[in-house]
Protein chains: 2
Amino acid sequence: MLSHKAKYALKALLYLAEQDESHISKTIEIAEGANIPKKFLEQILLDLKRGHFVSSKQGKFGGYYLIKSKNDITLAEIHRLFDGAIALLPCASLNFYERCTDCKTEEECSLRHGLMIIRDETLKAMQNITIASLIKK
Amino acid sequence: MLSHKAKYALKALLYLAEQDESHISKTIEIAEGANIPKKFLEQILLDLKRGHFVSSKQGKFGGYYLIKSKNDITLAEIHRLFDGAIALLPCASLNFYERCTDCKTEEECSLRHGLMIIRDETLKAMQNITIASLIKK
DNA sequence: ATAAATTCTATAAATATAGTAGAGTTTTAG
DNA sequence: CTAAAACTCTACTATATTTATAGAATTTAT
């Protein structure tokens, strides 16, 4: 499941992607437009900034804007940024790998292989869902 | 991600599937064989029993045994039993559907459609991973 | 009757999630 | 230079969930 953070992040990105290219959106504007608690959204936007999806302009008339094409922002990236691994266990993860503590050896881990198959399928599907693809015509 | 419960459940089922048909496994035997905390495993086995994956014999010489073919127990079922929805949000779920509270209308939910695509792909993949398929030769 | 096992309920401890509060910094405009 | 308006940062709180553990009750075989 997606955390609220990840869901809100997607909605915020969707909101930004729907604005004019040059438009800078204030947090309060995004919060109201996408129905997200404003203070919570502040944190999320900072995370998105640190992840190089958006950038910001400070001070009066400041706000947020996309710096990555809506065609290039995928569900996989946002999920990873806010929720971590896409794989079902850390031992099957590409980006958040951790050895399983309750298996004698990695080879003996009975679940790893199957979960890597799931990970590959899920990742492929998630990389096909972009912000652009979510925008309804 | 899978919860520990789901992971332990899979390992326990794998353990049972590897025993002789007629063999009844005690909890302590499964716990030691699959490296699962015994008291925690008790709860998990009861859940698996309620889910009609295993059955049990009480009293002395009692224990647990599979009542569903290892070819018919899928990762999807176990994940759902212990962790709930496979979909990334409740509004995109088949078995754990809930209306999104922060969308004005269901139609307007910008994420739902994309997440249903992911759900279908993930579900299909998870239904292909069975206990039998996880057993190494 | 006793031993060995499952079953059930309650509880504890640790962690993660969701959200809030408030002070600090930056920028613009007058 | 000052005030307003915005982002930035750190800390905190409240709640829920997860991961167990404890112990009594029940069932069954001998």
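- Between D:dA20 and B:Lys38, no contact under 4.0 Å exists linking OP1 or OP2 to a side-chain N or O.
- Taking side-chain N and O atoms only, A:Ser56 has no distance below 4.0 Å to OP1 or OP2 of D:dA6.
- In this structure, CD1 of B:Ile44 is placed 15 Å from C1' of C:dT6, rounded to the nearest angstrom.
- One finds no side-chain N or O of A:Lys60 lying less than 4.0 angstrom from the OP1 or OP2 phosphate oxygen of C:dG30.
- Side-chain atoms of A:Thr122 come within 3.5 Å of backbone N or O of A:Ile118 as a donor-acceptor pair.
- Side-chain nitrogen and oxygen atoms of B:Arg50 include at least one within less than 4.0 Å of the OP1 or OP2 phosphate oxygen of C:dC8.
- Remark: A:Lys70 NZ is loosely packed, at most 12 non-hydrogen atoms of other residues, nucleotides or ligands lying under 6.0 Å away.
- A donor-acceptor pair is defined here as one N or O able to donate and one able to accept, closer than 3.5 Å; such a pair exists between the side chain of B:Gln19 and the backbone of B:Tyr15.
- OP1 or OP2 of C:dT17 has not a single side-chain nitrogen or oxygen of A:Tyr8 nearer than 4.0 Å.
- Checked for salt-bridge contact, A:Glu77 and A:Arg80 miss the test: no charged N lies under 4.0 Å from a carboxylate O.
- For the pair B:Lys5 NZ and C:dT15 P, the computed distance is 19 Å after rounding to whole Å.
- The distance from atom CE of A:Met1 to atom P of D:dT17 is 11 Å, rounded to the nearest whole Å.
- Distances shorter than 4.0 Å separate some side-chain N or O of B:Tyr64 from OP1 or OP2 on C:dT7.
- When rounded to the nearest whole Å, the span between CD of A:Glu42 and C1' of D:dA5 equals 13 Å.
- A close approach under 4.0 Å does not occur between any side-chain nitrogen or oxygen of B:Lys49 and OP1 or OP2 of C:dT6.
- With hydrogens and angles left out, the side chain of B:Lys39 and the base of D:dG23 share a donor-acceptor pair within 3.5 Å.
- When the P atom of C:dA18 is taken as reference, atom NZ of A:Lys11 falls 14 Å away, rounded to whole Å.
- We find that CG of A:Leu16 is positioned 11 Å from P of D:dC7, with the value rounded to whole Å.
- Checked by distance alone, A:Gln43 brings a side-chain donor or acceptor within 3.5 Å of a matching partner on the base of C:dT20.
- Atom-to-atom, CG of A:Asp47 to C1' of D:dC9 comes out at 12 Å; the value is rounded to the nearest Å.
- Whole-Å rounding puts the A:Lys57 NZ to C:dT28 C1' distance at 7 Å.
- Mapping B:Lys26 and A:Gly59 onto DNA chain C via the closest heavy atom, the residue that lands nearer the 5' end is B:Lys26.
- Distances shown here put a side-chain N or O of A:Thr27 below 4.0 Å from the OP1 or OP2 atom of D:dC7.
- Placement of B:Met126 and B:Ile135 within a single hydrophobic cluster is found when ILVMFWY residues are connected by side-chain heavy-atom separations under 4.5 Å, directly or transitively.
- Of the side-chain N and O atoms in B:Ser3, none sit less than 4.0 angstrom from OP1 or OP2 of D:dT17.
- DNA chain C is contacted by both A:Gln58 and A:Phe40; A:Phe40 maps to the nucleotide lying nearer its 5′ end (nearest heavy atom per residue).
- Crowding of A:His113 atom NE2: a count of heavy atoms from other residues, nucleotides or ligands under 6.0 Å not exceeding 12.
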